[in-house]
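Report on one structure; see the data block that follows.
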Amino acid sequence: MTKPMEQISWQEIEAGGVITEPGNASCYHTGTWRSQKPKYDENACIRCWRCYVMCPDAVISPDLEKNIFVWNYDYCKGCGICAYECPAKAIVMEED
Amino acid sequence: MADTEKKKVIKPIKNFSMEEYISSGHRACQGCAEVLAVRHVLKAIGPDMIMAMATGCMEIISSPYPLTSWNIPWIHVAFENAAAVASGVESGLKALRRKGRIPNKDVTIVAMGGDGGTTDIGFQALSGMIERGHKVIYVCVDNEAYMNTGIQRSSSTPIGATTTTSPTGKLEPEGKSTWKKDMVAIAAAHGIPYTATACPTFFTDLQKKIQKAKEVNGPSYIHILSVCPTGWRVPPNKAIEYGQLAVDTGVFPLYEVENGAWKLNRKPKELKPVSDYFKGQGRYRHLDERFTQQIQDKVTERWNKLVELCSEKPEK
Ligand SMILES: Cc1ncc(C[n+]2csc(CCOP(=O)(O)OP(=O)(O)O)c2C)c(N)n1
Ligand code: SF4
Ligand code: SF4
Ligand code: SF4
Ligand SMILES: [Mg+2]
């Protein structure tokens with residue numbers, strides 16, 4: 001995993017500023033931006049995928065074994081799209 | 001109880017990849033539908049792609065050195081030359097393949113820029129790319145202003161919208177006073193094999209269009225309306241809804257031009273009034289009834305023209 005910027009010396013920087021580790025920005029947790037948090041009600045959910053499709057931060061994923069959708073709160077910015085777009089009103093935004 | 005539980009089993013989602021090619025941890029604002037558009041585009045193409053991206057929000061939010069959100073080979077280029085760099089990548093790979101230096105594998109080359117990077121400063125690079133016939137998908141993520149630098153007007157900013165450089169005032173009370181540049185028509189005028197508009201709200205349509213572009217033997221241009229809650233001054237949770245309204249009012253119709261044949265992809269029975277779309281958007285807050293009606297008339301006129309174009313059968 002990438003070290004914080006202040007710990008990287010110039011000798012370690014790749015030529016051309018190339019970053020060799022794909023997707024390493026995921027070490028930065030955007031969940032800290034959130035003031036509201038989506039709460040999921042699996043009983044109301046009709047398993048339509050809309051929240052999964054519309055989340056700009058790819059926070060939501062299906063857990064096929066448990067037959068529910070799960071939220072990765074490390075990254076959820078609390079935008080409220082999933083709750084607003086859910087056709088079954090299975091998501092509500094709560095103070096975090 | 002058991003019965004109803006059974007009905008609600010998660011079924012696989014059709015034609016929508018489960019892979020994420022832009023990872024969480026990117027710094028886009030809450031509710032950014034531009035990064036949602038990027039997420040959708042990448043899913044439609046798949047892992048074998050190389051992208052050249054112009055400076056703009058999507059570059060800034062995804063690559064604060066030494067971090068990257070990209071899970072694909074991606075290069076950040078200047079504001080004006082995404083199309084030129086993508087042309088070079090395509091030609092370079094061709095040459096390397098010819099010399100047997102790399103495996104003969106299909107790799108999709110993508111160029112991406114914002115509306116500023118595409119309709120203004122990257123315009124000539126894009127025109128050149130299309131004219132030379134490079135097999136590149138050019139995607140414009142259009143949030144209708146220069147958002148990355150703090151909401152300045154572009155030639156893709158719609159009439160009536162305020163930005164910091166098209167404010168409402170005594171001389172131009174309407175905000176931006178000129179019509180949005182019609183990029184798809186311009187791409188079509190080059191005789192491009194495939195060009196289309198899209199919006200992540202209509203995600204199935206977007207997936208199909210990108211996949212079509214991928215199969216085209218030559219350049220393609222996809223223009224994606226990307227709601228920007230920060231710049232449009234709308235609540236972040238309504239980013240998807242405003243995409244729906246833009247399409248259903250005829251302000252941003254969904255259509256494609258394939259080898260000269262125009263086709264409407266969504267034809268509402270009756271267009272909603274443009275005021276439905278303007279309502280709640282801070283950038284249109286100053287519009288009075290007279291301006292709104294003027295814009296409505298022009299939207300209706302343009303819509304009718306588009307419908308006509310789309311019903312013409314091209315000569316075989
Ligand atoms: C030649 C040059 N001029 C100006 C800039 C500053 N600049 C960086 S991004 C940007 C605006 C980007 O607007 P757009 O392409 O619409 O993308 P958005 O940020 O809206 O997604 C500007 C003016 C630059 N990087 N290079
Ligand atoms: S949008 Fe609502 S109903 Fe659909 S899968 Fe998500 S939580 Fe369930
Ligand atoms: S609130 Fe926004 S960021 Fe969080 S899961 Fe819902 S759509 Fe994604
Ligand atoms: S300014 Fe707009 S386009 Fe840019 S990251 Fe924020 S919401 Fe997205
Ligand atoms: Mg822009």
Side-chain angles (χ1 to χ4, degrees), chain A residues 2-5 8 12-14 16-31 33-36 38 42-50 52-59 61-69 72 74-85 88 93, chain B residues 1 4-14 16 18-40 43 61-76 200-201 203-204 207 226-227 229 235-241 243-244:
Chain A
T2 312
K3 289 192 273 187
M5 188 71 167
I8 300 175
E12 294 168 79
I13 293 174
E14 300 274 342
V18 172
I19 304 170
T20 51
E21 189 186 349
N24 63 359
S26 56
C27 69
Y28 179 75
H29 288 177
T30 50
W33 298 9
R34 188 176 61 230
S35 62
Q36 289 206 312
E42 62 172 275
N43 294 317
C45 170
I46 57 169
R47 276 73 176 165
C48 71
W49 289 87
R50 191 162 176 85
Y52 166 85
V53 170
M54 294 308 178
C55 174
D57 290 273
V59 163
S61 56
D63 180 333
L64 295 176
E65 229 154 78
K66 293 199 186 123
N67 189 37
I68 53 170
F69 283 86
N72 184 344
D74 282 351
Y75 302 109
C76 169
K77 293 172 185 163
C79 70
I81 285 181
C82 54
Y84 192 75
E85 289 299 321
M93 299 303 289
Chain B
M1 192 61 192
T4 53
E5 289 287 291
K6 240 183 209 163
K7 271 180 214 153
K8 295 194 265 174
V9 173
I10 302 177
K11 292 198 203 90
I13 183 164
K14 277 188 208 138
F16 197 80
M18 295 291 294
E19 294 296 325
E20 299 295 345
Y21 299 103
I22 177 161
S23 64
S24 309
H26 62 69
R27 265 85 150 178
C29 311
Q30 292 162 310
C32 173
E34 185 155 293
V35 79
L36 180 65
V38 173
R39 178 177 174 237
H40 286 187
K43 279 174 182 274
I61 60 100
S62 65
S63 62
Y65 192 81
L67 301 180
T68 178
S69 284
W70 302 91
N71 293 319
I72 50 151
W74 175 91
I75 181 168
H76 164 218
T201 300
F203 64 97
T204 316
Q207 294 293 304
S226 311
V227 176
N237 62 344
K238 295 197 175 158
I240 310 302
E241 187 179 51
Q244 178 90 34

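Just so it is clear, the structure is predicted and the values come from calculations on it, not from any experiment. Naming convention: chains lettered A, B, ... in sequence-line order (proteins, then strands); numbering from 1 in each chain.
If you tally non-hydrogen atom pairs under 4.5 Å between each of A:C76, A:G17, A:A25, A:G31 and chain B, the highest count goes to A:A25. For the set A:G78, A:P56, A:G80, A:A83, the count of heavy-atom pairs under 4.5 angstrom toward chain B peaks at A:P56. Annotation: maximal heavy-atom pairing with chain A below 4.5 Å, among B:A37, B:S24, B:P236, B:S23, occurs at B:S24. Comparing B:E20, B:Q30, B:R27, B:E241 by how many heavy-atom pairs each has under 4.5 Å with chain A, the most go to B:R27.
Contact check for B:T201 versus B:V227: no side-chain heavy atoms found under the 4.5 Å cut-off.
Remark: the backbone N or O of B:G31 is not paired with any side-chain donor or acceptor of B:N237 at under 3.5 angstrom. Side-chain atoms of A:R47 come within 3.5 Å of backbone atoms of B:K8 as a donor-acceptor pair (strictly under, hydrogens ignored).
No side-chain N or O of B:W70 forms a donor-acceptor pair with one of B:S63 less than 3.5 Å apart.
For B:P73, the side chain to side chain contact (heavy atoms under 4.5 Å, CB included) partners at least two apart in sequence or on another chain are B:I50.
Interface residue A:C45: only backbone heavy atoms are found under 4.5 Å from chain B. Heavy atoms closer than 4.5 Å to chain B are found in both the backbone and the side chain of A:I13. With a 4.5 Å cut-off on non-hydrogen atoms, B:H76 does not touch chain A at all. Contact of B:Y65 with chain A is made through backbone and side chain together, with heavy-atom distances under 4.5 Å.
A cation-pi arrangement is present between B:R39 and A:Y52 under the rule of less than 6.0 angstrom and at most 45 degrees off the ring axis.
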